[in-house]
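First up is the structure itself, then whatever we jot down about it.
Atoms within each ligand, like the ligands themselves, are counted from 1 in listed order. Throughout, numbering of the chain's residues begins at 1 and tracks the sequence.
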Amino acid sequence: MATEGQYVITDKKGEKQNVGFIQLNRRKALNALCDGLMKEVSDALDAFEKDKDVGCIVLTGGDKAFAAGADIKEMKDREFAEVYSGSFLSNWDRLARCKKPVIAAVNGYALGGGCEIAMMCDIIYAGENAQFGQPEITLGTIPGAGGTQRLCKAIGKSKAMELILTADRMTAQEAEKSGLVSKVFPIDQTVNEAIKTAEKIAGFSKITSAMCKEAVNAAYELSLQEGLHFEKRIFHATFATADRKEGMTAFSEKRKPTFTDN
Ligand SMILES: CC(C)(O)CC(=O)SCCNC(=O)CCNC(=O)[C@H](O)C(C)(C)COP(=O)(O)OP(=O)(O)OC[C@H]1O[C@@H](n2cnc3c(N)ncnc32)[C@H](O)[C@@H]1OP(=O)(O)O
């Protein structure tokens, strides 16, 4: 059953209720990411990470906006000493630290912090009206929740630099072409398609999907040699799991595997 917070709706979806669903629900402000909203997202992630049924999480917004960025009105009077000593925005990293796979289903604006939280997710599905951008330069600031780093890694330096220095936006189609987004859908199908994919992922072993995620994410941090070494270690570690044994045994016995997440 859906639970409605002040800024976020959470639910469990899919036939087996194994998809954690988080919808940003601050429509009038185009889902501007105020402190309260980000705290609710963080709490929802904590709950879904603890929930043994949940194998994948979908994060979405509304049809007009996934999120139009950090809440500018809340941010405008903050001073250096406050943001520095309070590590302003550091709690946003909760999304990037989630061990379970997260799919962003993006319709409409994904600007500034909206684009940055989409990039913290593992897969981005976009609706045909999606627009991605980092317009912080128009406000006299820079992307501060990973935009300068993750956008570069996702689409390369030249395109990232162009978006960040001009505040231009990228369409869903351009975002797909450049690899930021994995698929584009008609607006009314984006969320359902994300849930379908999330159900598929949640049907596999949760321990194996966490290992896949950790190994792929290492590609962002490590040199090729270090990454290959890390991957091999994780691959070897799958031999310590019951689900690896079950997966290979089921294949040999020509039956479907029953994973126990062990
Ligand atoms: C995280 C960091 C460090 O990287 C920093 C950031 O994220 S900074 C924020 C970056 N985002 C932006 O600069 C986008 C700001 N918004 C817009 O440019 C426009 O709202 C729009 C192009 C997304 C949509 O335009 P339009 O359809 O004309 O709608 P509006 O009337 O402008 O907006 C409706 C309503 O939402 C409020 N709103 C929109 N975005 C924000 C925001 N980021 N923070 C706070 N409030 C926002 C807007 O003020 C309107 O509300 P009212 O003023 O009418 O009550």
Legend entry - Nearest-neighbour protein heavy atom for atom 20 (O) of ligand 1, which is reported as residue plus atom name and distance: Leu30 CD1, 3.8 Å
Inset, instruction - Could you tell me whether Arg169 approaches ligand 1 through its side chain, its backbone, both or neither, with non-hydrogen atoms closer than 4.0 Å? - result: side chain
Inset, instruction - Check each of Ala70, Gly113, Pro135 against atom 43 (N) of ligand 1 and report the one with the nearest heavy atom. - result: Ala70
Inset, instruction - Looking only at protein heavy atoms, identify the closest one to atom 3 (C) of ligand 1 and say how far it is in Å. - result: Gly144 N, 3.3 Å
Legend entry - Aromatic contact, Tyr125 with Phe185 (centres under 6.0 Å): yes
Inset, instruction - Mind checking whether Ala32 contacts ligand 1 via backbone (N, CA, C, O), side chain (CB onward), both or neither, at a 4.0 Å heavy-atom cut-off? - result: side chain
Inset, instruction - Answer with yes or no whether Lys64 contacts ligand 1, where contact means a heavy atom under 4.0 Å from a ligand atom. - result: yes
Inset, instruction - Name the closest protein heavy atom to atom 14 (C) of ligand 1, giving the residue it belongs to and the distance to 0.1 Å. - result: Ala68 O, 3.3 Å
Legend entry - Protein heavy-atom partner closest to atom 25 (O) of ligand 1 - residue, atom, separation in Å: Tyr109 OH, 4.2 Å
Inset, instruction - Indicate, as side chain, backbone, both or neither, the part of Leu89 found under 4.0 angstrom from ligand 1 when only non-hydrogen atoms are considered. - result: side chain
Inset, instruction - For ligand 1, indicate whether the residue Thr141 contacts it via side chain, backbone, both or neither (heavy-atom separation under 4.0 Å). - result: neither
Inset, instruction - Apply the test salt bridge (Lys or Arg N to Asp or Glu O under 4.0 Å) to residues Asp53 and Lys16: give CA-CA distance (whole Å), side-chain angles for both, the deciding distance (0.1 Å), then the verdict. - result: CA-CA 8 Å; Asp53 293 339; Lys16 296 185 177 157; over 6 Å; no
Legend entry - Gln134 and ligand 1 - part of the residue with a heavy-atom distance under 4.0 Å: neither
Inset, instruction - Please write down residue, atom name and distance for the protein heavy atom closest to atom 35 (C) of ligand 1. - result: Lys28 O, 3.2 Å
Legend entry - Any N/O pair Glu136/ligand 1 closer than 3.5 Å: yes
Inset, instruction - Would you kindly specify which portion of Glu116 sits under 4.0 Å from ligand 1, judged on non-hydrogen atoms: side chain, backbone, both or neither? - result: side chain
Inset, instruction - Determine, considering heavy atoms only, which of Lys73, Gln131, Arg26 sits nearest to atom 51 (O) of ligand 1. - result: Lys73
